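Here is the structure we will look at.
What you are looking at is a predicted structure, and each value in this text was computed from that prediction instead of being measured. Atom set for the values below is all heavy atoms of this structure, side chains included, hydrogens, waters and symmetry mates excluded.
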Amino acid sequence: MAYNNWEQLQLLVNLLDDKRNDIFLHVDLKSLNSFQKSERVKCKNAQLFLAKSMDVRWSDISQTDAEVAVFQQVLETGTLYTRIHLISGMDLPIKSQDTIHSFFKGRDEEFINVNTDLTFVRRIKYYHFFVRERRSHPMADVARRLLLVPQLPFVDRLRHTQLRFAWGANWCSLTGGIRELVEKYPKYRHMFKYTTSSDELYKQMILLNCPSV
């Protein structure tokens, strides 16, 4: 998932450019012109797939939609990948590809940060409006916070879902979990739409509800 710093993105791709890897790249729609004017990124050994660009806004449901769309594209290739790593275009691996592949060989567990304490339960317990505009228009975040106040005594959105509350980092390394996310996300998207940082909620909450994962 990338949005700028194309030289660094090329460095990342160089470090992942291995015949054992396929790379799926999502470039934020707002940055697409800049990306196209650059030399883009190139691979010699790995296959590089460009995902359809979406307008991703920080903390907004659009970030989650973009992740799920990329996961769906991975599944639609029909390739039986042993593991799918979700990383930022700003990340760089600190181990060689041989070391990374050796570490994951024969391992089928999901590597994802999951917390079930209530530290960030307000992100989903109440309705958060104007999340999409909160960075571009400071007053939007003020309005969002003001609209939380009348909800505090009355609203608990978690009462209306069978999902157990959980949260964690959005970056992860999954196996069969991505199929569960792609299949179940449409059913639960309404729960994550009016939240903040839903990309740090939906994976944890959906996967905890899947006994097979």
Side-chain angles (χ1 to χ4, degrees), residues 1-4 6 8-32 35-36 38-56 61-93 95-113 168-189 192 198-200 202-207 209-213:
M1 310 288 289
Y3 64 94
N4 64 6
W6 311 128
Q8 182 171 331
L9 179 63
Q10 181 63 69
L11 175 58
L12 168 60
V13 170
N14 291 345
L15 294 170
L16 300 177
D17 192 7
D18 186 291
K19 64 182 180 180
R20 294 168 289 185
N21 298 333
D22 286 348
I23 301 171
F24 293 79
L25 173 62
H26 177 273
V27 176
D28 192 311
L29 184 62
K30 297 185 296 297
S31 306
L32 189 58
F35 176 71
Q36 291 174 337
S38 71
E39 295 183 359
R40 301 199 179 188
V41 295
K42 298 177 176 63
C43 284
K44 293 181 180 179
N45 301 302
Q47 287 195 82
L48 177 64
F49 299 87
L50 289 178
K52 181 180 179 180
S53 292
M54 299 175 64
D55 182 2
V56 175
I61 188 69
S62 57
Q63 188 162 351
T64 298
D65 288 342
E67 286 185 10
V68 175
V70 175
F71 286 152
Q72 183 171 0
Q73 183 178 356
V74 171
L75 294 177
E76 287 175 351
T77 65
T79 301
L80 298 177
Y81 295 105
T82 56
R83 185 163 294 276
I84 298 89
H85 309 277
L86 176 65
I87 64 174
S88 162
M90 303 295 289
D91 290 329
L92 294 174
K95 299 289 186 179
S96 70
Q97 286 303 302
D98 286 341
T99 300
I100 292 171
H101 279 269
S102 176
F103 175 81
F104 285 111
K105 186 176 182 179
R107 308 185 74 158
D108 59 359
E109 62 262 54
E110 311 291 358
F111 285 77
I112 182 170
N113 174 234
N170 64 321
W171 311 120
C172 58
S173 177
L174 303 176
T175 59
I178 73 157
R179 184 172 296 279
E180 294 291 344
L181 293 174
V182 169
E183 292 178 353
K184 301 286 177 55
Y185 179 64
K187 176 181 178 181
Y188 296 111
R189 185 182 183 276
F192 299 107
S198 60
D199 58 314
E200 298 177 356
Y202 85 100
K203 291 186 286 290
Q204 288 80 2
M205 292 180 66
I206 291 177
L207 293 179
N209 199 54
C210 299
S212 61
V213 176

Inset, instruction - Verify, without hydrogens or angle tests, whether Ser53 (side chain) and Leu32 (backbone) share a donor-acceptor contact under 3.5 angstrom. - result: no
Inset, instruction - Report yes or no: does Ser173 contribute a side-chain atom to a donor-acceptor pair with the main-chain N or O of Phe111 at less than 3.5 Å? - result: no
Inset, instruction - For Lys42, look at atom NZ and say whether over 12 heavy atoms of other residues, nucleotides or ligands are found less than 6.0 Å away. - result: yes
Inset, instruction - Take atom CD of Gln36 as the centre, draw a 6.0 Å sphere, and report whether it contains more than 12 heavy atoms from other residues, nucleotides or ligands. - result: yes
Legend entry - Intermediate values then yes/no, salt bridge (charged side-chain N to carboxylate O under 4.0 Å, His left out), Asp98 and Arg20: CA-CA 10 Å; Asp98 286 341; Arg20 294 168 289 185; 2.7 Å; yes
A side-chain contact here means heavy atoms from C-beta on lying under 4.5 Å apart; do [X] and [Y] qualify?
| X | Y | result |
| --- | --- | --- |
| Lys52 | Leu29 | no |
| Gln47 | Ile23 | no |
| Met90 | Asn4 | yes |
| Met1 | Trp171 | yes |
| Asn113 | Cys172 | no |
| Lys30 | Tyr3 | no |
| Glu67 | Lys203 | yes |
| Asp28 | Phe35 | no |

Between [X] and [Y], which heavy-atom pair has the shortest distance, and what is it?
| X | Y | value |
| --- | --- | --- |
| Glu109 | Thr175 | O-CG2, 4.2 Å |
| Ala2 | Gly89 | CB-CA, 4.1 Å |
| Leu92 | Gln8 | CD2-O, 4.3 Å |
| Ala69 | Met54 | CB-SD, 4.1 Å |

Inset, instruction - Walk me through it: do Ser96 and Thr99 pass the test side chain to side chain donor-acceptor pair (under 3.5 Å)? - result: CA-CA 5 Å; Ser96 70; Thr99 300; 3.0 Å; yes
How many angstroms lie between atom [atom1] of [X] and atom [atom2] of [Y], to the nearest 0.5 angstrom?
| X | Y | atom1 | atom2 | value |
| --- | --- | --- | --- | --- |
| Glu183 | Cys210 | CD | SG | 9.0 Å |
| Leu25 | Arg40 | CG | CZ | 10.0 Å |
| Lys105 | Ile100 | NZ | CD1 | 16.0 Å |
| Asn45 | Leu16 | CG | CG | 12.0 Å |
| Ser198 | Ile61 | OG | CD1 | 3.5 Å |
| Leu11 | Asp17 | CG | CG | 12.0 Å |

Legend entry - Worked verdict on Trp6 versus Ser31 for side chain to side chain contact (heavy atoms under 4.5 Å, CB included): CA-CA 10 Å; Trp6 311 128; Ser31 306; 3.9 Å; yes
Inset, instruction - Show your working on ring pair (Phe, Tyr, Trp, His ring centres under 6.0 Å) between Phe104 and His85 and close with a plain yes or no. - result: CA-CA 11 Å; Phe104 285 111; His85 309 277; 5.0 Å; yes
Inset, instruction - Check step by step if side chain to side chain donor-acceptor pair (under 3.5 Å) holds for His101 and Asp18. - result: CA-CA 11 Å; His101 279 269; Asp18 186 291; 4.8 Å; no
Legend entry - Given Ile178, Leu181, Val182, the one that forms side chain to side chain contact (heavy atoms under 4.5 Å, CB included) with Gln72: Val182
Legend entry - Phe24 ring center near Phe71 ring center (under 6.0 Å): no
Inset, instruction - With sequence neighbours left out, write down each residue that passes side chain to side chain contact (heavy atoms under 4.5 Å, CB included) with Tyr188, or none if nothing qualifies. - result: Thr161, Gln162, Leu163, Lys184, Phe192, Ile206, Asn209
Inset, instruction - Examine Arg83 relative to Tyr81 and say whether NZ or CZ is less than 6.0 Å from the centre of the six-membered ring and inside a 45° cone about the ring axis. - result: no
Legend entry - Sequence-distant partners of Tyr185, side chain to side chain donor-acceptor pair (under 3.5 Å), two or more places apart: Asp65
Inset, instruction - Apply side chain to side chain contact (heavy atoms under 4.5 Å, CB included) to the pair Leu86 and Leu174, showing each step before the final yes or no. - result: CA-CA 8 Å; Leu86 176 65; Leu174 303 176; over 6 Å; no
Inset, instruction - Check step by step if side chain to side chain donor-acceptor pair (under 3.5 Å) holds for Asn170 and Glu200. - result: CA-CA 5 Å; Asn170 64 321; Glu200 298 177 356; 5.8 Å; no
